[in-house]
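Position 1 is the first residue of the sequence; numbering continues from there. Scope of the values below: all heavy atoms of this structure, side chains included, with no hydrogens, waters or symmetry mates.
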Amino acid sequence: MIYGDLANITMLYSDNLSGKGLEGATASFHVIGTDVEGAFNSKGGGVYEAVVDSTLLTPGSYSMEVSAFKNNYTLGEAIVTFTINPLPLEIRGSDVLSVRWTDLLNVSVIVWDTHNNVSIADATVTYTFKNNMTGEVIYTGTLSSAGNGTYSLQLPTGFQNTTPGMYILIIEAERENSTTAVRKITVNILPIATMSSSPNMYASEITSPAVLAIGPYIQAENNVPFIVIFFTYVDSNGNPVPNATVTANGIIPLTPIGEGKYALIIPTSGLPPSNFLIEIKGEAENYETSRTYNVLTIKEWSIPLGSIRVPASMLFAILLAVIAPSATFTAYTYIRKMKYHQ
């Protein structure tokens, strides 16, 4: 039986010669080694029944002496063995929890009686929080009870021994005459969330600019000495990330200009017309690494003609095509004149 159950014990007291059940007998029981005892009630036909309250005992194995007596009959006796098992408990809750570094870790569990299918409000629930890799115990303590079988705790994470990584939270629930329930929860402490962007928005001229930047897309002509790309790396609240390292393509460091903004100067003069992909990465200890990708398009330098810009090579080709025939005709006319005078 399980602790807390009421056990029904049935006994038959009969005449050995006739096999007939004997009614009107006095029947009783006594749990050996304890002061738990009681009487049987007749159910008719020599059958007697008693109820044993397991809460009068503690979990364990016992022997019960039962006896029945009726005038003119011998005393009937028997030994009955039985076991009382602890009330089975379990802890219900999440298997995995995640929290950002410096945020509070909120934990809530329910202690459950799986035998009677009810929650347990009077358990003692403790916890151990430790590093999964090193086994270092960081926190221990007791969960607070809400009085309805729910237990909770809050743990701070913003310390050097709780930096981003994997941790184990072991929760144990104990209660008198019950099993000890244990639940292991994997806790992932995540880096602080960050945001990044390329807030570029400028043009060298209002119409037909030689340099044009819209967000991560930058276009420049190859006679422009240099361009500047801007990058923002902040936390999820818009605050600058302390001690951040921001690089372009993992090599070139960007220059911090304040409030989480950074600048990259790229010499563009003389570069061949082509497209360049520029990865800008921001990283810092205990913060998420963030990346943005910028496309730099280098175009051939051009000359403004009214509201448009014409590539220099194209303009020179057009001029050459216009000038060359006229020069040829002039030379031909001069030669003809010389022959005529001769």
A quick test of your reading: do over 12 heavy atoms of other residues, nucleotides or ligands sit less than 6.0 Å from [atom1] of [X]?
X	atom1	result
E77	CD	yes
E285	CD	no
N8	CG	yes
K130	NZ	no

Would you compute the distance between atom [atom1] of [X] and atom [atom2] of [Y] and round it to the nearest 0.5 angstrom?
X	Y	atom1	atom2	value
E90	D113	CD	CG	9.5 Å
I257	F230	CD1	CZ	5.5 Å
N85	M1	CG	CE	9.5 Å
T245	L254	OG1	CG	11.0 Å
I79	I32	CD1	CD1	4.0 Å
T297	Y217	OG1	OH	10.0 Å

Hey, are the side chains of [X] and [Y] touching, using non-hydrogen atoms and a 4.5 Å cut-off?
X	Y	result
M166	M133	no
I170	V182	yes
I266	F276	no
V111	R175	no
I84	Y62	yes
L75	S67	yes
P156	L104	yes
L56	T34	no

Consider only side-chain N and O atoms of [X] and [Y], and report whether a donor and an acceptor are under 3.5 Å apart.
X	Y	result
H115	D5	yes
E279	N249	no
S61	T83	yes

Looking at [X] and [Y], would you say the former's side chain and the latter's main chain have a donor-acceptor pair under 3.5 Å?
X	Y	result
S108	S152	no
T162	T157	yes
R183	G93	yes
S197	T232	no
T140	T128	no
T55	D53	no
T142	T126	no
Y48	A25	yes
S145	G147	yes
N237	N239	no

Of all heavy-atom pairs between [X] and [Y], which one has the smallest distance, and what is that distance?
X	Y	result
S119	G149	CB-CA, 4.0 Å
P86	I2	O-CG2, 4.0 Å
L190	S98	CD1-CB, 4.1 Å
Y3	L57	CE1-O, 3.1 Å
S54	G4	OG-N, 2.7 Å
Q160	W101	NE2-CZ2, 4.4 Å

Could you go step by step and tell me if V211 and Y202 meet the side-chain contact (heavy atoms from CB on, under 4.5 Å) rule?
-> CA-CA 8 Å; V211 179; Y202 61 89; 3.6 Å; yes

Are [X] and [Y] grouped together when hydrophobic residues (ILVMFWY) are joined by side-chain heavy atoms under 4.5 angstrom apart?
X	Y	result
V96	V107	no
V224	I229	yes
I171	I189	yes

Walk me through it: do F129 and Y167 pass the test ring pair (Phe, Tyr, Trp, His ring centres under 6.0 Å)?
-> CA-CA 7 Å; F129 185 76; Y167 298 81; 5.3 Å; yes

Decide side-chain contact (heavy atoms from CB on, under 4.5 Å) for L87 and N116; before the verdict, give the C-alpha distance in whole Å, the side-chain angles of both, and the deciding distance to 0.1 Å.
-> CA-CA 9 Å; L87 185 70; N116 299 297; 3.6 Å; yes

Aromatic plane relationship, Y73 with Y13 - under 30° parallel, 30 to 60° tilted, over 60° perpendicular = perpendicular

Working for side-chain contact (heavy atoms from CB on, under 4.5 Å), residues N294 and N200 | CA-CA 10 Å; N294 298 263; N200 301 295; 3.9 Å; yes

Are F29 and V80 close enough, and set up right, to give a side-chain contact (heavy atoms from CB on, under 4.5 Å), and what steps lead you there?
-> CA-CA 10 Å; F29 68 86; V80 177; over 6 Å; no

